[in-house]
S.K.: 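Okay, handing you the structure first.
Residue numbering restarts at 1 for every chain, and letters A, B, ... go by the order of the sequence lines. Only this structure's heavy atoms are used, side chains among them; waters, hydrogens and symmetry mates stay out.
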Protein chains: 2
Amino acid sequence: MSILFSRQCEYAIQGVLYLALKPEGEMTSIKELTKRLDIPYHFLGKILQRLAAKGLLMSLKGPTGGFALTKRAKDITLFDIVEAVDGSAFTKNCVLGFPECSGKNPCAVHNTWGRMRDEIYEMLVSKNISDMAKEMKKPEYRVAG
Amino acid sequence: MSILFSRQCEYAIQGVLYLALKPEGEMTSIKELTKRLDIPYHFLGKILQRLAAKGLLMSLKGPTGGFALTKRAKDITLFDIVEAVDGSAFTKNCVLGFPECSGKNPCAVHNTWGRMRDEIYEMLVSKNISDMAKEMKKPEYRVAG
DNA sequence: TCATATTCAGATTTTTCTATCCGAATTTAA
DNA sequence: TTAAATTCGGATAGAAAAATCTGAATATGA
């Protein structure tokens with residue numbers, strides 16, 4: 001079970017991190033991505049199409065075609081990806097599910113969770129994709145096979 | 001979309017918080033609960049049955065029947081409920097979804113998220129249901145209608 | 001005893017998310 | 001020009017979660 005993000009969103013993050021290690025402008029095919037990461041082919045295709053539609057990725061058909069980042073990896077944050085795929089519901093909704101929870105009518109963990117939510121948000125915007133990908137020793141070999 | 005917990009779990013928490021305001025030993029029917037909280041009748045029934053099976057609640061059939069806490073509200077934490085319904089997957093899995101993420105092979109937010117996860121856990125075990133329910137001005141009237 | 005109000009158990013439906021399939025459009029390179 | 005490799009678009013299937021339905025069992029009180 002996914003924790004904070006939908007599975008789609010996790011796949012999107014993993015894919016973009018992989019793309020971030022590529023030389024700028026080089027195209028990467030879904031085929032290569034799904035071979036290295038452990039993600040179903042057609043599902044990842046859909047996800048990358050969505051990211052392309054949102055302007056995060058560019059795409060090219062034909063042999064030598066594939067996907068690439070539209071911006072430099074330095075200028076992309078985790079939050080950009082999460083927002084594009086899952087939206088920003090987690091910044092708004094009550095963590096206990098009370099529909100009317102708010103500052104004036106707080107649930108019992110409203111303030112505590114508020115601080116944590118801010119920390120999570122900070123985590124998502126603070127690091128860029130380029131640094132993150134390099135930080136992980138071998139993001140592309142994470143999955144055995 | 002729910003954030004950290006499944007919808008079932010959110011409903012369970014809301015229900016138990018409501019029960020915590022009742023005099024010790026008093027039975028509360030699903031009917032009353034679903035009238036005050038905004039939760040589908042039969043779904044809540046299933047959830048309370050599960051909590052009863054796990055030993056958190058007791059139940060009684062017939063008129064004047066219903067559900068009640070088995071322990072004093074002071075001795076129940078949010079974590080007790082979350083664990084009973086959602087299990088403890090969120091304490092284990094990688095937040096970015098990398099299947100092989102671990103201390104030796106960490107993803108780019110492994111340590112940061114680890115700290116946050118611990119804080120969340122701390123939040124779940126630190127407060128008891130009794131204090132929480134009282135803290136909220138009127139947990140039972142949260143939902144308009 | 002009997003009508004009523006409840007929980008209980010299991011099956012079923014609905015909705016949402018995940019994943020797959022297929023054929024068309026596009027691009028490359030021989 | 002043609003074969004091959006890719007993305008694209010839309011439909012479909014499958015799985016999981018959420019919600020509903022139905023009838024049985026049980027308890028209450030008149």
Side-chain angles (χ1 to χ4, degrees), chain A residues 1-15 19 22 25-35 37-70 82 85-87 89-90 93 97 99, chain B residues 1-15 19 26-35 37-70 82 85-87 89-90 93 97 99:
Chain A
M1 180 192 162
S2 57
I3 306 181
L4 213 50
F5 311 123
S6 69
R7 183 156 308 174
Q8 266 192 73
C9 188
E10 293 178 352
Y11 289 164
I13 293 169
Q14 294 177 21
L19 292 179
K22 291 282 178 170
E26 182 175 323
M27 289 302 190
T28 307
S29 69
I30 302 175
K31 200 172 165 189
E32 177 181 344
L33 283 159
T34 57
K35 195 184 291 178
L37 310 165
D38 192 23
I39 305 178
Y41 184 88
H42 293 94
F43 197 27
L44 183 59
K46 290 295 180 202
I47 295 168
L48 297 186
Q49 280 174 36
R50 167 174 299 191
L51 291 179
K54 293 264 183 179
L56 266 110
L57 301 181
M58 56 173 302
S59 65
L60 213 65
K61 292 181 185 176
T64 78
F67 293 86
L69 305 178
T70 49
V82 171
V85 179
D86 278 354
F90 92 96
N93 300 159
Chain B
M1 178 190 163
S2 56
I3 306 181
L4 213 49
F5 312 124
S6 69
R7 185 160 305 175
Q8 265 193 73
C9 189
E10 293 178 351
Y11 290 164
I13 294 168
Q14 295 176 20
L19 293 180
E26 181 174 324
M27 289 303 192
T28 307
S29 68
I30 302 174
K31 200 172 165 188
E32 177 181 344
L33 282 159
T34 56
K35 194 184 291 177
L37 310 165
D38 191 24
I39 304 178
Y41 184 88
H42 292 94
F43 197 27
L44 183 59
K46 289 296 179 199
I47 295 167
L48 298 186
Q49 279 174 35
R50 167 175 298 193
L51 291 179
K54 295 264 182 179
L56 266 111
L57 301 182
M58 55 174 301
S59 65
L60 212 65
K61 292 180 184 177
T64 79
F67 293 87
L69 305 178
T70 50
V82 172
V85 180
D86 277 354
F90 91 96
N93 301 157

S.K.: Any idea which of D:dA18, C:dT7, D:dT7 is nearest the B:Ser29 side chain?
M.R.: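 Out of D:dA18, C:dT7, D:dT7, the nucleotide with an atom closest to B:Ser29's side chain is C:dT7.
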S.K.: Starting at atom CD1 of B:Ile47, determine the distance to atom P of D:dA19, rounded to an integer number of angstrom.
M.R.: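 Distance, rounded to whole Å: 8 Å.
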S.K.: How close do B:Ala68 and B:Glu26 get, counting heavy atoms only, and between which atoms?
M.R.: CB-O, 3.6 Å
S.K.: Would you tell me if any nitrogen or oxygen in the side chain of B:Tyr41 comes within less than 4.0 Å of OP1 or OP2 on C:dT7?
M.R.: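 For B:Tyr41, the contact criterion (side-chain N or O under 4.0 Å from OP1 or OP2 of C:dT7) is met.
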S.K.: Using the side-chain heavy atoms of A:Lys61, tell me which of these nucleotides is nearest: C:dA19, C:dT26, C:dT28.
M.R.: C:dT26
S.K.: To the nearest angstrom, how far is A:Met58 atom CE from D:dT6 atom P?
M.R.: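 Checked: the CE to P distance equals 17 Å.
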S.K.: Quick check on C:dC8: is either OP1 or OP2 less than 4.0 Å from any side-chain nitrogen or oxygen of B:Ser59?
M.R.: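 Yes, B:Ser59 has a side-chain N/O under 4.0 Å of OP1/OP2 on C:dC8.
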S.K.: Which one, C:dA19, C:dA9, D:dC21, comes nearest to the side chain of B:His42?
M.R.: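 Of C:dA19, C:dA9, D:dC21, D:dC21 is nearest to the side chain of B:His42.
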S.K.: With a cut-off of less than 4.0 Å, is there a side-chain N or O of B:Arg7 near OP1 or OP2 of D:dA19?
M.R.: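 Yes, B:Arg7 has a side-chain N/O under 4.0 Å of OP1/OP2 on D:dA19.
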S.K.: Roughly how many Å is it from CG in B:Leu44 to P in D:dA18, rounded to a whole number?
M.R.: 14 Å
S.K.: Could you tell me whether B:Phe67 contacts a base, only the sugar-phosphate backbone, or nothing, with contacts defined as non-hydrogen atoms closer than 4.0 Å?
M.R.: sugar-phosphate
S.K.: Please round to the nearest 0.5 Å and tell me the distance separating atom CD of A:Glu32 and atom NZ of A:Lys22.
M.R.: 3.5 Å
S.K.: How many whole angstroms separate atom CD of B:Gln49 from atom C1' of D:dA19?
M.R.: 14 Å
S.K.: Which nucleotide in the set C:dA29, D:dT7, C:dT18 lies at the smallest distance from any side-chain heavy atom of A:Ile30?
M.R.: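 Comparing C:dA29, D:dT7, C:dT18 against the side chain of A:Ile30, the answer is D:dT7.
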S.K.: Indicate yes or no for a side-chain donor-acceptor contact from A:Asn93 to the backbone of B:Ile3 under 3.5 Å, with no hydrogens or angles considered.
M.R.: no
S.K.: Under a 4.5 Å cut-off applied to non-hydrogen side-chain atoms, are A:Met27 and A:Met58 in contact?
M.R.: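 With C-beta onward as the side chain, the pair touches.
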S.K.: Round to the nearest Å and state the distance from A:Arg50 atom CZ to C:dT18 atom P.
M.R.: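 Result: 10 Å.
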S.K.: Between A:Asp38 (CG) and C:dT18 (C1'), how many Å, whole number?
M.R.: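 Roughly 14 Å, once rounded to whole Å.
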S.K.: Report the nucleotide, chosen from D:dA19, D:dG29, D:dA5, that has the shortest atom-to-atom distance to any side-chain atom of B:Thr64.
M.R.: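 My answer, after comparing the listed nucleotides, is D:dG29.
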S.K.: Applying a 4.0 Å non-hydrogen cut-off, can you work out what A:Leu60 is touching in the nucleic acid: base, sugar-phosphate, or nothing?
M.R.: sugar-phosphate
S.K.: Does any N or O in the side chain of B:Thr70 come within less than 3.5 Å of the main-chain N or O of B:Gly55, such that one atom is a donor and the other an acceptor?
M.R.: yes
S.K.: Is B:Tyr11 close enough to D:dA18 that one of its side-chain N or O atoms is under 4.0 Å from OP1 or OP2 there?
M.R.: no
S.K.: Between atom CD in B:Glu32 and atom C1' in C:dA5, what is the gap in whole Å?
M.R.: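 Nearest whole value for this atom pair: 14 Å.
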S.K.: Need one value for B:Lys46: base, sugar-phosphate or nothing, where a base atom within 4.0 Å counts as base even if backbone is also close, heavy atoms only.
M.R.: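 Answer is base: heavy atoms of B:Lys46 come under 4.0 Å of a base.
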S.K.: Would you please confirm or rule out a distance under 4.0 Å between OP1 or OP2 of D:dA18 and any side-chain N or O of B:Gln8?
M.R.: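 Result: yes.
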S.K.: Using a heavy-atom cut-off of 4.0 Å across all strands, would you classify A:Gly66 as base, sugar-phosphate, or nothing?
M.R.: sugar-phosphate
S.K.: In this structure, how many angstroms lie between the C1' atom of C:dC17 and the CG atom of A:Asp86, rounded?
M.R.: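 It works out to 11 Å between those atoms.
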S.K.: With a cut-off of less than 4.0 Å, is there a side-chain N or O of B:Lys31 near OP1 or OP2 of C:dA5?
M.R.: no
S.K.: Starting from the C-alpha separation in whole Å, work towards a yes-or-no answer on side-chain contact (heavy atoms from CB on, under 4.5 Å) for A:Leu4 and A:Val82.
M.R.: CA-CA 10 Å; A:Leu4 213 50; A:Val82 171; over 6 Å; no
